[in-house]
Engineer: 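What follows is a single structure, and I will ask about it in a moment.
Atoms considered below: every heavy atom in the structure, side chains included; atoms not considered: hydrogens, waters and symmetry mates. As the structure is a computational prediction, the values presented were derived from the model and not from experiment. Here is how names work: the chains are called A, B, and so on, in the same order as the sequence lines, proteins then strands, and each is numbered from 1.
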There are 2 protein chains.
Amino acid sequence: MALNDYNKEDKVLLALDCIIFGFDHEGLKILLIKRDFEPERGKWSLIGGFLKEEETLDQAAIRVLHRLTGLDNIFMEQLYTFSKIDRDPVERTLSVAYYALIDIASHDEKLIQKFSAKWFSLKELPNLIFDHDQMLEKAIARLRRRARSKPIGFELLPEKFTMPQLQKLYESILDEKLDKRNFISRVNALKILIKLDQKDMQVSKKGAYLYRFDEKKYHQKVLEGFSFKI
Amino acid sequence: MALNDYNKEDKVLLALDCIIFGFDHEGLKILLIKRDFEPERGKWSLIGGFLKEEETLDQAAIRVLHRLTGLDNIFMEQLYTFSKIDRDPVERTLSVAYYALIDIASHDEKLIQKFSAKWFSLKELPNLIFDHDQMLEKAIARLRRRARSKPIGFELLPEKFTMPQLQKLYESILDEKLDKRNFISRVNALKILIKLDQKDMQVSKKGAYLYRFDEKKYHQKVLEGFSFKI
DNA sequence: GATAAAAGTGTAAATTTAACACTTTAAAGG
DNA sequence: CCTTTAAAGTGTTAAATTTACACTTTTATC
């Protein structure tokens, strides 16, 4: 009986790298850690680690992210598997990139202090190791495509947020200015926001009304396959 | 010096599976092969094989496809990496799925004869091994998204084709009927087709004019970031 | 009480999308 | 050769969506 001989096949190291996008009043950022081991010790890197034999990629991504940043309960999505021959100088390693969107303010403290992780503005990135810049590029492209086709505020904003904040989020993802009135009417047309009787007085003198997502309506819309075109 | 010990990390088998979409007068199909080895010998399977240490995933996909079908010069795109623990019953194996679009007529002969590969209509698929049905599902979803956002006729049609053919291609990808007049005017608005002075008399009594893609204009449009909404 | 800085608000024109039916052509069959 | 048949080809109108655009309100600060 011809059993395919799995033993003859090569095994490889499989790494994971997490691209964590965050948003705060300054704009869109990503989370990097300072490597404390060779190669490239001391350089900034995506949050990465190796897959263990007995876990799925999704599980590994969660584990790696948690171990290096303390972050928990983050929904990550698989992006792409990178396989250039010499991408890791030590040994042949492939890496599966994952990405996630989070609100910086509601996770901040733990991170920056305990771990050597730090948020970087997309405009002021340090050099990244290996092929991490390519990973980031692909992640940004995906994020933009997503932002143009479905609302993504959910993950990146705090529970309560203002319209100007939501607009700034979109502007910083898409890297273009949007018209205030058109933006608002498009968002309102979706009917997935609830306007609160509260204002945020932090940013402007006049203050801006706070909103929150109506999760139920949002999920219903998702099922109906709605689209959000910006 | 703390060199991360790569030796302590697990290595895994990394497979590839190719989802080859084809199109002919009968509609959209995929290419499957009959496995001639255990496990699951005799069952139908996507075109798959293992990554070798010294090649990239793209290279491996090309090699595997060529070895099992004789197909050459096929542009494949990476889809997703599947990692369920028991997806392969023999040994822990992850698999990177690739997909491609080809015109059945211009590749047919070699395939079906020399290799035990066969085209299957999407509507009449046999049971697939492992998690290949999930791979296919994801590939179809991607193909539909692509079809709605950019013209994809290029790869799936012969060099010369008719409007009804192009429309049938779209209808079979999207699995919905489209309005003939609206479809044609949308396609024409792109200005990437050249109408030839020839008719195809095979299909209908009246005959249908043949067209071909204007590759230059197409690529220019791609650069401009045009969109094709159906 | 004047000033400054951001929030908030509506309309009209232009463009795009969707719905819809009859005529033309040539092969096939009587 | 006349009739039938089956698919190709062709435009218009109404509806919906998208875009462009400017002034008023509010409140903190000086």
Engineer: How would you list, by chain and number, every residue that makes a side chain to side chain contact (heavy atoms under 4.5 Å, CB included) with B:I62, sequence neighbours excluded?
Structural biologist: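 So B:I62 forms a side chain to side chain contact (heavy atoms under 4.5 Å, CB included) with B:M76.
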Engineer: Residues two or more places apart in sequence or in another chain: which of them pass side chain to side chain contact (heavy atoms under 4.5 Å, CB included) with A:Q59?
Structural biologist: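 Side chain to side chain contact (heavy atoms under 4.5 Å, CB included) check on A:Q59 returns A:E55, A:T56.
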Engineer: Please enumerate all protein N or O atoms sitting under 3.5 Å from an N or O of nucleotides 19-24 of chain C, with distances to 0.1 Å.
Structural biologist:
| from | atom 1 | to | atom 2 | distance (Å) |
| --- | --- | --- | --- | --- |
| C:dA19 | N7 | B:N182 | ND2 | 3.0 |
| C:dA19 | N6 | B:N182 | OD1 | 3.0 |
| C:dC20 | N4 | B:D179 | OD2 | 3.3 |
| C:dA21 | N1 | B:R181 | NH1 | 3.3 |
| C:dT24 | O2 | B:K206 | NZ | 3.2 |

Engineer: Among residues at least two apart in sequence or on other chains, which ones pass ring-ring contact (aromatic ring centres under 6.0 Å, His included) with B:W119?
Structural biologist: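 Expected list: none.
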Engineer: How many whole angstroms separate atom CD of A:Q165 from atom C1' of C:dA7?
Structural biologist: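 Atom CD in A:Q165 sits about 13 Å away from atom C1' in C:dA7.
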Engineer: Rounded to whole angstrom units, what separation is found between the CG atom of B:L210 and the P atom of D:dA8?
Structural biologist: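 Distance, rounded to whole Å: 12 Å.
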Engineer: For B:K177 and C:dA18, give me the distance from atom NZ to atom C1', rounded to whole Å.
Structural biologist: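 Going from NZ in B:K177 over to C1' in C:dA18 covers 18 Å.
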Engineer: Taking ring-ring contact (aromatic ring centres under 6.0 Å, His included) as the definition, give me every residue that meets it alongside A:Y211, ordered by chain and number, with sequence neighbours left out.
Structural biologist: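 ring-ring contact (aromatic ring centres under 6.0 Å, His included) check on A:Y211 returns nothing, list empty.
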Engineer: Strictly distance-based, threshold 3.5 Å: is any side-chain N or O of B:T69 a donor or acceptor partner for the main-chain N or O of B:H66?
Structural biologist: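 Side chain of B:T69 to backbone of B:H66, a donor-acceptor pair under 3.5 Å: no, none is there.
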Engineer: Between A:E40 and A:R35, is there a donor-acceptor pair closer than 3.5 Å when you use the side chain of the first and the backbone of the second?
Structural biologist: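 Checking the backbone N and O of A:R35 against the side chain of A:E40, no donor-acceptor pair under 3.5 Å is found.
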Engineer: Any side-chain hydrogen bond (donor to acceptor under 3.5 Å, both in side chains) involving residues 14-29 of chain A? Give me the pairs, sequence neighbours left out, ordered by first then second residue.
Structural biologist: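 Of all non-adjacent pairs touching residues 14-29 of chain A, those that pass side-chain hydrogen bond (donor to acceptor under 3.5 Å, both in side chains) are A:D17-A:S95, A:D17-A:H132, A:D24-A:K29, A:E26-A:K29.
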Engineer: Run the ring-ring contact (aromatic ring centres under 6.0 Å, His included) test against A:Y209 and tell me which residues pass, sequence neighbours left out.
Structural biologist: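 Counting only residues at least two positions away or on another chain, A:Y209 forms no ring-ring contact (aromatic ring centres under 6.0 Å, His included).
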Engineer: What pairs with B:K191 under side chain to side chain contact (heavy atoms under 4.5 Å, CB included), at least two apart in sequence or on another chain?
Structural biologist: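 None.
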Engineer: I want to check one thing: is the phosphate of C:dT16, taken as OP1 and OP2, less than 4.0 Å away from some side-chain N or O of B:R186?
Structural biologist: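 The answer is no; no side-chain N or O of B:R186 sits under 4.0 Å from OP1 or OP2.
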Engineer: Using a cut-off of strictly less than 4.0 Å between a heavy atom of the residue and any atom of DNA chain D, enumerate the qualifying residues of residues 188-203 of chain B by number.
Structural biologist: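 Contacts with DNA chain D under 4.0 Å: B:K195.
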Engineer: Nearest whole Å is fine: how far is D:dA20 P from A:L178 CG?
Structural biologist: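 Result: 12 Å.
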Engineer: List the residues meeting ring-ring contact (aromatic ring centres under 6.0 Å, His included) with B:F82, not counting sequence neighbours, and say none if there are none.
Structural biologist: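 Counting only residues at least two positions away or on another chain, B:F82 forms a ring-ring contact (aromatic ring centres under 6.0 Å, His included) with B:Y80.
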Engineer: If we fit an axis to the first five pairs and another to the last five of the helix from C:dG1-D:dC30 to C:dG30-D:dC1, what angle do they make, to the nearest 10°?
Structural biologist: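 Axis-to-axis angle, ends of the helix: 0°.
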Engineer: Could you pick out which residue, B:S185 or B:T162, lies toward the 5' side of DNA chain D when each is mapped onto its nearest nucleotide?
Structural biologist: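 Its nucleotide being nearer the 5' end, the pick is B:T162.
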Engineer: In whole Å, I'd like the distance from the CE atom of B:M163 to the P atom of D:dT10.
Structural biologist: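 B:M163 atom CE is separated from D:dT10 atom P by 9 Å.
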Engineer: Check the distance between D:dA8's C1' and B:Y211's OH and give it to me in whole angstrom.
Structural biologist: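 Between C1' of D:dA8 and OH of B:Y211: 10 Å.
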Engineer: I want to confirm an ordering. Mapping B:K168 and B:K205 to their closest nucleotides on DNA chain D, which one lands closer to the 5' end?
Structural biologist: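 Per heavy-atom nearest nucleotide, the more 5' residue is B:K205.
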Engineer: Check side chain to side chain contact (heavy atoms under 4.5 Å, CB included) between B:I184 and all other residues, then give those that pass, not counting sequence neighbours.
Structural biologist: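 Residues passing side chain to side chain contact (heavy atoms under 4.5 Å, CB included) with B:I184: B:M163, B:K180, B:N188.
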